[in-house]
S.K.: 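Can you read through this structure? Questions will come right after.
Values reported hereafter were calculated over all heavy atoms of this structure, with side chains retained and with hydrogens, waters and symmetry mates removed. This is a predicted model, so every value here is computed, not measured.
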Amino acid sequence: MRGYAAHTPLTGEALALLTPLWWAHLLGGALHHLEWGVRDDGWTARKLLVRSPLMDELAAPYPG
C-alpha cells in the first residue's frame, strides 16, 4: 500500500474501505473453498485477525 500511495495517494474514503475490502476478499475466498469442498486449515481466520496501522481504529488487537 505504501508503494501505491507514494504514486497515487489514497483519499480518506479509500483508506476507510481498505479493511472491509480485505475482509470481504478473505470471506469470499473462504466461501468458494466451502463450495468446492476444500478444507480450510484456519488460514482465513488467522488472516482476519491480522491488524495493520492502515486499519485506523480497527487496528486494535482482537479482543477474543
S.K.: Check this for me, if you would: do R46 and D41 make a salt bridge, where the nitrogen-to-carboxylate-oxygen distance has to be below 4.0 angstrom?
M.R.: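 Here R46 pairs with D41 in a salt bridge, since their nearest N and O are under 4.0 Å apart.
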S.K.: Taking a hydrophobic cluster as the set of Ile, Leu, Val, Met, Phe, Trp and Tyr residues connected by side-chain heavy atoms closer than 4.5 Å, whether directly or through intermediates, do W22 and L27 fall within one such cluster?
M.R.: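 Yes; tracing contacts between hydrophobic side chains, which count when under 4.5 Å, links both residues.
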S.K.: Keeping H25 on the side-chain end and L21 on the backbone end, is there a donor-acceptor pair under 3.5 Å?
M.R.: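 Side chain of H25 to backbone of L21, a donor-acceptor pair under 3.5 Å: no, none is there.
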S.K.: In Å, rounded to the nearest 0.5 Å, how long is the span from CG of L26 to CG of L31?
M.R.: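 Here the rounded value is 12.5 Å.
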S.K.: Surrounding CD of E35 (heavy atoms of other residues, nucleotides or ligands, distance under 6.0 Å), is the total greater than 12?
M.R.: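 Enclosed.
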